Amino acid sequence: MPEGHTIHALAERVRRAFGGRPVAACSPQGRFAEAARLDGARVLDARAYGKHLFVDVEAEILHVHLGLIGSFPVLPLAGAPAAPPVGRVRLRLVGDDHVADLRGPLICALTTPEHRDAVVAALGPDPLDPNAAEGRGWDRLRRSRRTVAELLLDQGVAAGLGNVYRCEVLHRHRLDPYSPGSALTRASWEALWTDLVRLLPLGVAFGQIVTMPDDIVEAERLLARDAVSDYTASLTGERLGDYFERRFAVYQRAGEACPRCGHAIRADKVGGRTLYWCPSCQDRH
DNA sequence: TCGCCATGTCCAC
DNA sequence: TGGACCTGGCGAT
């Protein structure tokens, strides 16, 4: 599940569930002994940068990256004591009224302000950051002979993008995934960036990646009317039913018809990840 | 029940 | 560039 929208929503959830109050912390699985240093301390803040989550717990900084398979659902206790951890829980946080179980993370560590700054500094602009400097992404992209498909997964170009947004956004802009970054026009990059700034917040609000034109229109209509804040707040990060039917233009649709031109969608392995794209109508730079 | 795959990243060759 | 690592779900057996 975890592209940038997931982590930003998670940060918000952690702030709301635990912010300002002490938490009990432990590592049921036993692989994060430092959890003891968080136990009983107050959660001061939680922030997402791209796919990285940093939680300030008094003097400590907890650094979490979910990787490909990690999850960190934040669930209400609802009166009952926290159920015993099911599966391999690396870190459990228990507050007055919520419990959060971290499983399968790529990173779960205590860190220093200096290291956090270094991690953040290495990231490119984050479309979910209102102060993001998109020009930094462009500078990196335009100087590279690597393909646009590779570059969109480079967190130094745009922080928080993952494989779904990459495939979908390349298709939305009819971009040839195999053209080098250096061939992309400034106008193409700006249109791409503007689209990401539009799409990622929908992902945060609905807890799912929304890239189909009709769904985007409906999602924006609901957001403009502030009709989904309760829905957004109710999301826990657990697998639940989706607000919109889960569908994409190209992602995981190999062999099916491109919704724009009808040509069969292709799946290529690129750097270990599966690139889904339409070889017929994705021809621009 | 098994094996494969996944919205990620790093490291060794 | 291929494998390692982390976990869970699903389709094939």
Side-chain angles (χ1 to χ4, degrees), chain A residues 1-11 27-32 35 48-53 63-73 85-92 100-109 111 115 118-120 122-124 126-128 146-147 149-172 177 195-196 199-212 215 235-255 267-277:
Chain A
M1 335 266 139
E3 297 192 32
H5 68 294
T6 303
I7 313 307
H8 283 261
L10 172 58
S27 179
Q29 177 197 55
R31 290 186 50 188
F32 183 50
Y49 302 88
K51 299 170 191 168
H52 294 262
L53 172 70
H63 180 197
V64 171
H65 190 301
L66 294 182
L68 184 58
I69 62 174
S71 64
F72 202 179
V86 177
R88 312 165 193 195
V89 176
R90 182 79 56 91
L91 169 66
R92 165 170 276 194
D101 284 345
L102 173 64
R103 295 152 201 277
L106 183 67
I107 297 171
C108 171
T111 189
H115 181 248
V119 169
V120 173
L123 295 172
D126 182 337
L128 286 167
R146 294 153 65 209
T147 65
E150 288 175 276
L151 286 162
L152 285 188
L153 287 184
D154 179 341
Q155 300 298 295
V157 170
L161 281 209
N163 200 23
V164 181
Y165 280 119
R166 162 180 82 157
C167 296
E168 292 293 299
V169 89
L170 283 170
H171 180 265
R172 282 171 63 75
D195 206 24
L196 292 170
L199 295 179
L200 274 280
L202 305 182
V204 175
F206 290 90
Q208 69 179 114
I209 295 174
V210 179
T211 58
M212 299 299 274
D215 293 343
L235 296 170
T236 66
E238 278 207 311
R239 299 164 212 284
L240 298 169
D242 287 327
Y243 193 98
F244 295 100
E245 182 194 349
R246 182 187 144 88
R247 59 204 182 103
F248 301 108
V250 288
Y251 181 72
Q252 284 189 334
R253 295 193 63 241
D268 299 349
K269 281 284 181 216
V270 179
R273 314 303 308 279
T274 310
L275 169 73
Y276 299 90
W277 67 295

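Letters A, B, ... are given to chains in the order of the sequence lines, protein chains preceding strands, and every chain is numbered from 1. Because the structure is a prediction, the values reported are computed rather than measured.
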For A:Tyr165, answer base if it contacts any base atom (sugar-phosphate contacts may also be present), sugar-phosphate if it contacts only those atoms, and nothing otherwise; contact means non-hydrogen atoms under 4.0 Å. nothing
Residue whose nearest DNA chain B nucleotide is more 5′ - A:Ile69 or A:Gln155: A:Ile69
Taking N and O atoms by type only, does the side chain of A:Arg273 place a donor or acceptor under 3.5 Å from a partner on the base of B:dT7? no
A:Arg239 side chain near C:dG9 phosphate (N/O to OP1/OP2, under 4.0 Å): yes
Answer with yes or no whether the side chains of A:Arg90 and A:Gln29 bring together a donor and an acceptor at under 3.5 Å. yes
Please state whether the phosphate of B:dT7, meaning OP1 or OP2, lies under 4.0 angstrom from any side-chain nitrogen or oxygen of A:Lys51. no
Among the nucleotides C:dC6, C:dG8, B:dG8, whichever has the atom closest to the side chain of A:Arg31 is C:dC6
Distance in angstrom units between A:Phe72 CZ and C:dC6 P, rounded: 18 Å
side-chain contact (heavy atoms from CB on, under 4.5 Å) with A:His52: of A:Leu123, A:Asp126, A:Leu66, only one passes, and it is A:Leu123
Would you say a side-chain N or O of A:His65 is under 4.0 Å from OP1 or OP2 of B:dT9? yes
So what does A:Gln29 touch, heavy atoms closer than 4.0 Å: a base, only the sugar-phosphate, or nothing? sugar-phosphate
Distance below 4.0 Å between A:Lys269 side-chain N/O and B:dA6 OP1 or OP2: yes
Is the shortest side-chain N/O distance from A:Thr274 to OP1 or OP2 of B:dA6 below 4.0 Å? yes
Name the atoms and distances for all side-chain donor-acceptor pairs under 3.5 Å in residues 200-211 of chain A, with sequence neighbours left out.
from	atom 1	to	atom 2	distance (Å)
A:Gln208	OE1	A:Tyr243	N	2.9
A:Gln208	OE1	A:Phe244	N	2.8
A:Gln208	NE2	A:Phe244	O	3.0
A:Thr211	OG1	A:Glu168	OE1	2.9

Do A:His171 and A:Phe248 have their ring centres less than 6.0 Å from each other? no
Determine: side-chain N/O of A:Arg103 to OP1/OP2 of C:dT7, distance under 4.0 Å, yes or no. no
